[in-house]
Amino acid sequence: MNGKSELGDFLQTRRSQLSPDEAGVPTYGERRRVPGLRREELALLAGVSASYYARLEQGHSLNASPEVLDAIARALRLDESERRHLHDLARSAKPNRRRRPAPERVTQATTQLLDALGHVPAIVIGRRSDVLAWNRLGHALFAGHLDPGAPDIPAQRPNMARLVFLDAHTRDLYADWPSKARAVVGNLRLVAGKYPQDAALHTLLGELSARSEDFASMWADHRVKACAVAEYEMRHPLVGSLTVTQQTWSQESGPSIVAATAAAGSPSRAALDLLAQAVTQTAPARSDSRLSTG
């Protein structure tokens, strides 16, 4: 991806999605040819000149200070994740300032944590949404139709973004599939802003854009979303309908852990308990992956 165009596309898209009413800009009843704010209106709200903002949006000004970027973020009503994404895009647009991705490893400590969460469905996810490891319940809940040992073999590792958009089983698993899909895309947007030189990530994004019209449409929207806590209704083929809270613990320089829980005493908790019973007779999924994935 080109850092200059990504920064400009993000600014232009978000500007077009912010109405004058939302931004508190009077229109005096005039008819407007384009949706959202005009460049000069946003520049006024951010306290910069219209010409400077236009150069920034066009990719001709790559030295915006953090203070200017924060002012633009406030004018665009960006949340904290979006504000950080804006800063990442600005950094990636500068020559020789791009962050090269480090290899990803599942450490022994992470493996121990995954094993300790034996009664909680849990998976370890890399920055590109590759499944690096899972415990038995994590495999059973999220991808029971796949080989439980797949995360241990780099060439066969499942990728949650591919599963959500290209796998019929996973698509049927989420009652509100569009909500899950938007969360996946929003997180990939954040990752792409941090790692613009990640060739494997670019390959994944190109594949998804080519094979899924839904992904291509959502990607063009430039929405970003940090995956932290989200509630999803799932339609599991073994235990039926259940609602889980998916929580993501992210590490600054390593993979993330995603766990699914349900309230004690709820039908969803009973469904998870039933799923746990169903997998006790199967061979345990290996959760000691420590291979580099670059």
Side-chain angles (χ1 to χ4, degrees), residues 1-3 5-18 35-36 73 76-89 92 99 101 104 123-132 142-143 157-234 244-250 255-258 260:
M1 295 183 298
N2 183 288
S5 62
E6 286 296 312
L7 175 61
D9 289 347
F10 177 71
L11 289 172
Q12 184 176 7
T13 301
R14 299 316 302 271
R15 176 171 58 83
S16 70
Q17 294 169 344
L18 182 63
L76 286 171
R77 306 291 181 91
L78 303 185
D79 63 23
E80 181 59 22
S81 295
E82 294 165 335
R83 186 192 69 82
R84 291 198 303 266
H85 182 61
L86 175 61
H87 281 262
D88 284 337
L89 291 178
S92 70
R99 184 185 309 181
E104 292 181 303
I123 58 178
V124 180
I125 299 291
R127 60 178 169 270
R128 308 179 196 108
S129 74
D130 294 317
V131 179
L132 306 182
F142 293 108
R157 280 179 179 147
N159 179 279
M160 290 307 298
R162 284 195 185 96
L163 291 176
V164 167
F165 281 95
L166 304 179
D167 181 77
H169 173 95
T170 305
R171 188 169 187 133
D172 290 342
L173 188 61
Y174 290 92
D176 185 1
W177 178 85
S179 176
K180 177 61 177 179
R182 285 192 294 269
V184 169
V185 173
N187 184 66
L188 284 176
R189 270 282 177 202
L190 287 174
V191 175
K194 291 181 180 179
Y195 301 102
Q197 289 187 319
D198 190 331
L201 176 61
H202 298 170
T203 298
L204 172 65
L205 297 175
E207 175 192 351
L208 293 174
S209 296
R211 297 180 61 186
S212 171
E213 293 183 2
D214 290 319
F215 180 87
S217 176
M218 293 180 187
W219 186 255
D221 193 48
H222 282 267
R223 294 285 180 179
V224 299
K225 181 178 179 63
C227 292
V229 179
E231 188 174 275
Y232 294 107
E233 180 185 350
M234 306 180 79
V244 300
T245 299
Q246 291 186 19
Q247 300 184 60
T248 302
W249 291 276
S250 299
S256 302
I257 298 176
V258 180

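All values reported here derive from a predicted model rather than from experimental measurement.
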Treating [X] as the side-chain partner and [Y] as the backbone partner, does any N or O pair qualify as donor plus acceptor under 3.5 Å?
X: Thr13; Y: His222; value: no
X: His202; Y: Ala192; value: no
X: Thr203; Y: Ala199; value: yes
X: Asp130; Y: Leu132; value: no

Taking side chain as C-beta onward, heavy atoms only, is [X] less than 4.5 Å from [Y]?
X: Asp176; Y: Glu233; result: no
X: Leu89; Y: Leu11; result: no
X: Arg128; Y: Arg157; result: no
X: Arg84; Y: His87; result: no
X: Tyr174; Y: Met234; result: yes
X: Val258; Y: Met160; result: no

With rounding to the nearest 0.5 angstrom, report the [atom1] to [atom2] distance, [X] to [Y].
X: Ser217; Y: Arg182; atom1: OG; atom2: CZ; answer: 10.5 Å
X: Arg83; Y: Leu78; atom1: CZ; atom2: CG; answer: 9.5 Å
X: Asp88; Y: Tyr195; atom1: CG; atom2: OH; answer: 9.0 Å
X: His169; Y: Leu163; atom1: NE2; atom2: CG; answer: 9.0 Å
X: Leu188; Y: Phe215; atom1: CG; atom2: CZ; answer: 5.5 Å
X: Arg127; Y: Asn187; atom1: CZ; atom2: CG; answer: 12.5 Å

From CA spacing to verdict: salt bridge (charged side-chain N to carboxylate O under 4.0 Å, His left out), Glu82, Arg189: CA-CA 10 Å; Glu82 294 165 335; Arg189 270 282 177 202; over 6 Å; no
List the atom of [X], the atom of [Y], and the distance in Å for their closest heavy-atom pair.
X: His85; Y: Val224; result: CD2-CG1, 3.3 Å
X: Ala226; Y: Ser81; result: CB-OG, 3.2 Å
X: Asn159; Y: Ser129; result: OD1-OG, 3.0 Å
X: Arg162; Y: Leu208; result: CA-CD2, 4.0 Å

Residue list, side chain to side chain donor-acceptor pair (under 3.5 Å) with Gln12, at least two apart or on another chain: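 For Gln12 there are no side chain to side chain donor-acceptor pair (under 3.5 Å) partners, ignoring immediate neighbours.
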Lys225 atom NZ, neighbour heavy-atom count above 12 within 6.0 Å: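 Incorrect, the count does not exceed 12.
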CD (Glu213) with more than 12 external heavy atoms under 6.0 Å: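 Not more than 12 within 6.0 Å, no.
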Aromatic plane relationship, Trp177 with Phe165 - under 30° parallel, 30 to 60° tilted, over 60° perpendicular: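 Taking Trp177 first and then Phe165, their aromatic rings stand perpendicular (interplane angle over 60°).
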Sequence-distant partners of Asp221, salt bridge (Lys or Arg N to Asp or Glu O under 4.0 Å), two or more places apart: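 Residues passing salt bridge (Lys or Arg N to Asp or Glu O under 4.0 Å) with Asp221: Arg223.
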